[in-house]
Number of protein chains: 2
Amino acid sequence: MDVSEQSQALLEFFKALADANRLKIVGLLAREELAVEQIAAILDLRPSTVSNHLSYLTHVGLVSARPQSYYNVYRLELGALHEMARSLLSQETLQAAAEGVDVDAYDRKVLKNYLGPDGRFKQLPMQFKKMQAVLRYVVNVFEVGRQYTEKEVNELLGQYHEDTAQLRRELVEQGLMAREGGGGKYWRI
Amino acid sequence: MDVSEQSQALLEFFKALADANRLKIVGLLAREELAVEQIAAILDLRPSTVSNHLSYLTHVGLVSARPQSYYNVYRLELGALHEMARSLLSQETLQAAAEGVDVDAYDRKVLKNYLGPDGRFKQLPMQFKKMQAVLRYVVNVFEVGRQYTEKEVNELLGQYHEDTAQLRRELVEQGLMAREGGGGKYWRI
DNA sequence: AAACTAATTCGACGTTCATCGAAATAATTC
DNA sequence: GAATTATTTCGATGAACGTCGAATTAGTTT
């Protein structure tokens, strides 16, 4: 299944259970199979309303219908429910919900405010989260897998702001770059 | 927690995740902590909208806020999420959603149609599900833990309908009563 | 064949709710 | 202290959705 399809299925699953009466229907079907008419009587709803709810739940795959004589008997699909619950326990499922969104939108907004037309920062932001956006931007001047002397680092950072020392220090603090213990060698993570 | 409170909490949990943008927020927070402004930029929403969503998610216990400098950083409460997912795997949780509903409403509706003013059935229903309602009603003339001869069974069932043989046979078929292998002893389950 | 029962579909109504802008609150920076 | 930044609250608006009644379809009983 595609990632966008997966997040779409997750959303529709929650929407299917986000109504009081639909949730009651699922609870009733967890006890025994029931026909539309029976559910309507129990919940004091019109059959057409219950039919709509069951149609929704069927579309999501939570219930299924079995024709018996001239009416339909609905049953709960426990497998689909458990599979959904289990996928909620995995980290990737939730992150997939945020797939396709523009995660760099905030960084761009910050850079637009602080970056001058000459490509230099007028001043470095005070706020932690904004400074992070700046650092994620300037770290791109360094290639991965290559070592730099402190002098080289300062020269490259100098095109962005005069306070190269602060930039260098925070890059290391944020874990975007690393420094060899005693010597002056830097490299990008 | 009370049963009705539990089903209420379950419903609000689903409603909290039944919105596309709220689901995306949860997905984003599954990757890293974020402030309101950042989420608003990423999802292209106004900060007030995001604040409302986060207020909802906080109320349900899915996220929590940590004040930093003069803004709030929100983080996902993985524990609450996993606890909810795990409870979905248990049978009792869903049945609790249908607690407090009138499960006998359909049976009463059927009995009202078939039961005469003298307490006897004018005729026995053809439909399976309606016959079940009748059987669940007539089985109450028998005490649990006591044995009856076939003659006693027929006399007790006779007050409801003349066709005691059918009633007796279906009571056993539906598992509401049991019969000793060779002899003529019956008892209620 | 006619009457009956169950379920679904469709259109309409009313409520809920997501979204926004404006105002208010609070904390920080210059 | 004044201006800035981030967040929250509140009222309004528009869209989404649950509910119902009427009409339709399908299957059953007599």
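Chain naming here is simple, since letters A, B, ... match the order of the sequence lines and numbering starts at 1 in each.
- To the nearest angstrom, C1' of D:dT19 lies 12 Å from CD1 of A:Ile25.
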Polar pairs (N or O, both sides) under 3.5 Å between protein and nucleotides 6-13 of chain D?
from, atom 1, to, atom 2, distance (Å)
D:dA6, OP1, A:Lys130, NZ, 2.9
D:dA6, OP1, B:Glu37, OE1, 2.9
D:dA6, OP1, B:Glu37, OE2, 3.4
D:dA6, OP2, B:Glu37, OE2, 2.9
D:dT7, OP1, B:Val36, N, 3.2
D:dT7, OP1, B:Asn72, O, 3.3
D:dT7, OP2, B:Glu37, N, 2.8
D:dT7, O3', B:Asn72, ND2, 3.4
D:dT8, OP1, B:Asn72, ND2, 3.2
D:dT8, OP1, B:Tyr74, OH, 2.5
D:dT8, OP2, B:Ser51, OG, 2.7
D:dT8, O5', B:Ser51, OG, 3.3

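- Residue A:Asp19 contributes atom CG, which lies 11 Å from atom C1' of C:dT16 at whole-angstrom precision.
- For A:Asp19 and B:Lys15, the salt-bridge test fails: no basic side-chain N is under 4.0 Å from an acidic carboxylate O.
- Between A:Glu162 and A:Arg120, no side-chain nitrogen of the basic residue sits less than 4.0 Å from a carboxylate oxygen of the acidic one, so the salt-bridge criterion is not met.
- The distance between atom CG of B:Leu23 and atom C1' of C:dA18, rounded to the nearest whole Å, is 15 Å.
- Between the C1' atom of C:dA7 and the CD1 atom of A:Ile39 lies a distance of 12 Å, rounded to the nearest Å.
- Contact check, A:His53 against D:dC17: no side-chain N or O comes under 4.0 Å of OP1 or OP2.
- For A:Leu45, the side-chain atoms get nearest to D:dC20 when compared with the rest of C:dT19, D:dC20, C:dC17.
- One atom, CE of B:Met126, and another, C1' of D:dT30, lie 11 Å apart when rounded to the nearest Å.
- Legend: residues meeting salt bridge (charged side-chain N to carboxylate O under 4.0 Å, His left out) with B:Arg86, ordered by chain and number and at least two apart, are absent.
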Inset, instruction - Start with the C-alpha gap between B:Phe142 and B:Tyr186, add the side-chain angles, then the distance that decides, and say whether ring-ring contact (aromatic ring centres under 6.0 Å, His included) holds. - result: CA-CA 10 Å; B:Phe142 303 103; B:Tyr186 291 81; 8.6 Å; no
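- Residue B:Lys109 contributes atom NZ, which lies 11 Å from atom P of C:dT5 at whole-angstrom precision.
- D:dA15 atom C1' lies 14 Å from atom CG of B:Asn21, rounded to whole Å.
- Among B:Gln166, B:Gln174, B:Arg168, the single residue meeting the side chain to side chain donor-acceptor pair (under 3.5 Å) criterion with B:Glu170 is B:Gln166.
- Remark: A:Glu83 CD is loosely packed, at most 12 non-hydrogen atoms of other residues, nucleotides or ligands lying under 6.0 Å away.
- B:Leu57 has its CG atom 13 Å from the C1' atom of C:dA18, to the nearest Å.
- Both the sub-6.0 Å distance and the 45° axial angle are satisfied by A:Arg22 relative to the ring of A:Tyr56.
- Residue A:Arg46 places no side-chain N or O under 4.0 Å from the OP1 or OP2 atom of D:dG18.
- Side-chain N/O atoms of A:Lys15 include none lying less than 4.0 angstrom from OP1 or OP2 on D:dA16.
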